[in-house]
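Input: a single structure, listed below in structure tokens.
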Amino acid sequence: MKKQYLFSLVFVFCIAFLFQSFYAEEGMWPISEINKLNLRAKGLELDPKEIYDPDGLSLIYAIVNVGATGSFVSPAGLILTNHHVAYRYVQAASTKEQDYIKHGFLARNLREEIPARGRTARITESYRDVSDEVLSAVKEEMGFAERTRAIERKIKEIVKKVEKRNPGKRVEVAEMFSGKTYVLFLYAYLKDIRLVYVPPRSIGEFGGDIDNWMWPRHTGDFSFMRAYVAPDGSPAEYSLENLPYRPKRHLKVAPEGANERDFVFMLGYPGRTYRHQTSHFLAFEEDVRMPYVADWYAWQISIMEKMGGSDRSIALKHLSRIKGLSNTMKNYRGKLKGLIRIGLVDKKRDEEKSLKKFIGADEKRRSEYGDVLEKIGKIYEEVREQAEYELILDYLRRSVNMIYFGYSVYEGSLELRKKDLERESAYMDRNFALTKQRLLSTLKNYYEPTDKAILKEMLKRAARLQGKSRILAINDIIKDDSSEKAIDDFIEKAYSQTKLKSAISLLEALKKSPKKLKKQKDPFIELAAALYPAYQKLKETQKTRKGALDGLQAKLLDIKKRFYEKDFIPDANRTLRLTYGSIRGYKPADAVYYHPITTADGVLDKTTGQEPFDSPEKLIDLIRSRDFGRFEHPALKSVPVCILYDMDTTGGNSGSPVLNARGELVGVNFDRAYEATINDFAWSESYSRSIAVDIRYVLWVTQKYGKVDYLLKEMKVIK
């Protein structure tokens, strides 16, 4: 009996050990670092060279940046990504009569595929460290702003030189550690991306904002697009003569999906994380910036929902913007809750106290690093003092379409008369076509009553600024801040007189010199000219701060390496990264456990018939009839809809392929659990969980609901 008991204990211990070894570790790893991870011991069945091999055709060639992430799933340029990644292009193609958001979009053949206007795609081809070359531009005697400008100029020079040697390619230089390391990435750059199959909103956005950032989830957040090139294989703008792109590598789809405890990994382009930042940065985010932005976005959302409440054509103009604002708003609310819940600012302060003791224990360390944290703190004191002024100035241009148009035109009239390398990035030759496309896309969704309401609110906020924080150009409008009449009069006059509502007029204005623009007497161009000195002063202030912080952060990283006796993973910065883990649930609260796989039965349970839980009748019938075919999970007796895992992800990982141990696609990442919104600042093995739509649901919806068998054949899922 004792022997049997001892054997049972050993068996349980071994199983627990094996399960533990599959747990994730923190890290959005640069692709160059994956050989340090010993992934084979953690469950990977591939040779890591199959993932990245600078001399071979590895999996990274199947990963594509389409604003977020996507992956090639056929040799004919078929891209699988998220519904919310394709959303704005579906919206742009929709009308009240042809509502692709509501009903979905399907091309039955290549000729029916429609352009995702303005969408480009990038595939990482190579990278190299250019830190020495970038930092060679910095001289000891330079001031902080001058240092920032010198680095920016050197990066532009490097990019222009390398792109000239590689026609048709795109080059980006990414800052990996602030003020310290820089890596150049060479990308294949595709300009003709088309919509192929996008399910209706009631599938692709099932649960809407209520379920956003939540688990359990039942959202079919997927879409198919396709990349095209010119007949000679070169990147080209949209043309009927273009042919599907032939990727060097595409992913094999695994229709059997994945199961709980399976090892998985992900490749993608995560956005920004801030894990190497100090307590001063985190406290500013918690106390000031994130609450302000979340509240401002909530205000805009309420206005846009009200404006489009009774007219679908107006609602369509606002849908993409509402979706983006709502996503950020809820993300920030989750981050704020998480920061407070785990006391991250205080934890950072405790870490910094220990670091200060380490620095103070040695005279040499004290002389070199003794004031680093204090200097960073003083910069954030200044940031706090100017925060409201800077936020209002920033969101005047970002939130009010007409100010955005007027400022882009005025700034462009100045920048386009400079040498290419001296211009702001948006007006450089390599970027200007995209800048114009963004202006036109914004104009297409412009709705004047909404824009007026947002401008009025911004002007009222500006009127409350005091003393040195007053915006001089706004003072001329406000005049008497105790009355709204001056604001109302300005708005009515400006919107009635501006010519920037027309695409032709907007593009024509972009060509004019400052002198000719002045003669045009457009109210929003005149306002932009009046605001320009304030924006230039703010830009100089921000360059000064960045220059100071870059030097201080570089020193801080050096001493932290010595204190902790280890190297660090650079924060995510939209460059290609790998993360790994397992399909795994978690406990969000006492006596609550979340299982890691949801099923189509949960779609039925949640369906109310009212948006956002208004599943299509056809989908309901398919679920009730148990018509699951080969995509049924043998144990769950249903089609898996979403999966949960402990990989380290953030924004930008939307659309990233979730890959099994053999490198086959088993899911499409689209979200995180609410507790994991804090991932940008900190990751936890116990609660950081991300969410994907299960590949079985993707395939089942595509085949059974969409009747798009040809896509499954193209992916070699069916014959």
Side-chain angles (χ1 to χ4, degrees), residues 31 34 39-40 42-53 56-66 69-82 121 123-125 188 196-197 220 222-227 244-259 262-269 576 578-583 629-634 639-640 642-643 645 647 653 655-670 692-703 706 708-719:
I31 205 69
I34 64 171
L39 290 172
R40 295 297 291 271
K42 295 177 171 71
L44 182 71
E45 295 176 18
L46 292 173
D47 183 331
K49 279 193 171 183
E50 277 289 297
I51 299 173
Y52 175 65
D53 178 2
L57 295 180
S58 47
L59 287 178
I60 68 158
Y61 289 110
I63 312 303
V64 56
N65 186 324
V66 284
T69 306
S71 54
F72 289 115
V73 289
S74 89
L78 187 66
I79 298 169
L80 179 58
T81 187
N82 290 146
I123 303 111
T124 300
E125 293 208 335
V196 179
Y197 175 54
F222 74 92
S223 290
F224 289 97
M225 301 194 285
R226 195 184 304 276
Y245 172 69
R246 310 291 293 185
K248 294 179 181 178
R249 185 81 184 258
H250 67 274
L251 299 181
K252 181 181 178 183
V253 173
E256 69 278 8
N259 294 301
D262 281 1
F263 172 88
V264 284
F265 70 99
M266 185 186 296
L267 295 165
Y269 292 90
L576 188 61
L578 175 141
T579 181
Y580 68 91
S582 60
I583 308 294
R630 66 181 295 192
F631 306 119
E632 180 177 313
H633 189 291
V639 174
C642 292
I643 49 176
Y645 36 85
M647 289 190 278
N653 276 123
S656 292
V658 179
L659 304 164
N660 64 19
R662 299 179 298 281
E664 300 163 342
L665 194 148
V666 295
V668 186
N669 183 78
F670 70 90
V693 55
D694 193 293
I695 194 62
R696 288 164 285 199
Y697 194 61
V698 173
L699 298 173
W700 180 73
V701 169
T702 301
Q703 183 181 41
V708 201
D709 277 21
Y710 83 89
L711 290 182
L712 275 71
K713 290 176 183 175
E714 187 175 333
M715 291 182 283
K716 301 288 192 287
V717 173
I718 60 175
K719 293 182 180 179

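Computed over heavy atoms, backbone and side chain alike; hydrogens, waters and symmetry mates excluded. Since we're looking at a predicted model, the values are computed, not measured. Nothing fancy with the numbering, it's 1 onward along the sequence.
- To the nearest 0.5 Å, atom OG of residue Ser71 and atom CD1 of residue Ile123 are 11.5 Å apart.
- One side chain, Tyr645 or Asn669, offers a donor N or O that lies under 3.5 Å from an acceptor on the other.
- The two residues Gly220 and Val693 have their closest heavy-atom pair at CA-CG2, 4.0 Å.
- To the nearest 0.5 Å, the span separating CG on Leu578 from CD1 on Ile34 amounts to 6.0 Å.
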Where do Met715 and Leu699 land on the side-chain contact (heavy atoms from CB on, under 4.5 Å) test, with the steps shown first? CA-CA 10 Å; Met715 291 182 283; Leu699 298 173; 3.8 Å; yes

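- Proximity of Thr69 to Met266: side-chain heavy atoms (C-beta onward) are nowhere separated by under 4.5 Å.
- Shown here for Gly70 and Ile79, the closest heavy-atom pair between the two residues is CA-CG2, 4.2 Å.
- No side-chain N or O of Asp694 forms a donor-acceptor pair with one of His633 less than 3.5 Å apart.
- Ion pairing of Arg40 with Glu45 is absent here, as no side-chain N (NZ or NE/NH1/NH2) approaches a carboxylate O to less than 4.0 Å.
- None of Thr124, Asn65, Asn653 except one satisfies the side-chain hydrogen bond (donor to acceptor under 3.5 Å, both in side chains) rule with Tyr269; the exception is Thr124.
- In terms of heavy-atom proximity, Pro247 sits nearest to Pro75 at CD-O, 3.5 Å.
- With rounding to the nearest 0.5 angstrom, the CG atom of Leu59 is 12.5 Å from the NZ atom of Lys252.
- Contact annotation: the side chain of Ile51 approaches that of Leu44 to within less than 4.5 Å [non-hydrogen atoms, C-beta and beyond].
- Salt-bridge annotation for Arg662 and Glu256: present, with a side-chain N of the basic residue lying under 4.0 Å from a carboxylate O of the acidic one.
- For the pair Thr81 and Met225, the minimum side-chain heavy-atom distance is below 4.5 Å.
- Asp47 and Lys49 are not joined by a salt bridge, as no carboxylate oxygen comes within less than 4.0 angstrom of a charged side-chain nitrogen.
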- Output, in order, the C-alpha distance, side-chain angles, deciding distance and verdict of side-chain contact (heavy atoms from CB on, under 4.5 Å) for Asn259 and Asp262. CA-CA 6 Å; Asn259 294 301; Asp262 281 1; 3.9 Å; yes

**OP:** Check the pair Val73, His250 against side-chain contact (heavy atoms from CB on, under 4.5 Å), reporting the backbone distance first and the verdict last.
**Re:** CA-CA 5 Å; Val73 289; His250 67 274; 5.9 Å; no

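- The structure places OH of Tyr580 at 6.5 Å from CG of Leu39, a figure rounded to the nearest 0.5 Å.
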Check the pair Trp700, Thr702 against side-chain contact (heavy atoms from CB on, under 4.5 Å), reporting the backbone distance first and the verdict last. CA-CA 5 Å; Trp700 180 73; Thr702 301; over 6 Å; no

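- No side-chain heavy atom of Val658 sits less than 4.5 Å from a side-chain heavy atom of Val668.
- Rounding to the nearest 0.5 Å places CG of Asp53 at 8.5 Å from OH of Tyr61.
- The only member of Val264, Val666, Leu267 that meets side-chain contact (heavy atoms from CB on, under 4.5 Å) when paired with Leu659 is Leu267.
- Between Leu80 and Ile695 there is a side-chain heavy-atom pair separated by less than 4.5 Å.
- When side chains are defined from C-beta on, Phe670 does not count as touching Ser656, because their heavy atoms never get closer than 4.5 Å.
- Side-chain N or O atoms of Arg226 include none that pairs as donor or acceptor with a backbone N or O of Pro244 at under 3.5 Å.
- You'll find the side chain of Phe72 reaches within 4.5 Å of the side chain of Tyr245, heavy atoms only.
- From Leu78, atom CG reaches atom CD of Glu714 across 4.5 Å, with rounding to the nearest 0.5 Å.
- Side-chain atoms of Leu712 and Asp709, non-hydrogen and from C-beta on, never get closer than 4.5 Å to each other.
- Between the side chains of Ser58 and Glu50, no donor-acceptor pair of N or O atoms lies under 3.5 Å.
- Residues Pro255 and Val253 approach most closely at CD-O, 3.1 Å, considering heavy atoms.
- A tilted orientation is assigned to the rings of Phe263 and Phe265, their planes being inclined by 30° to 60°.
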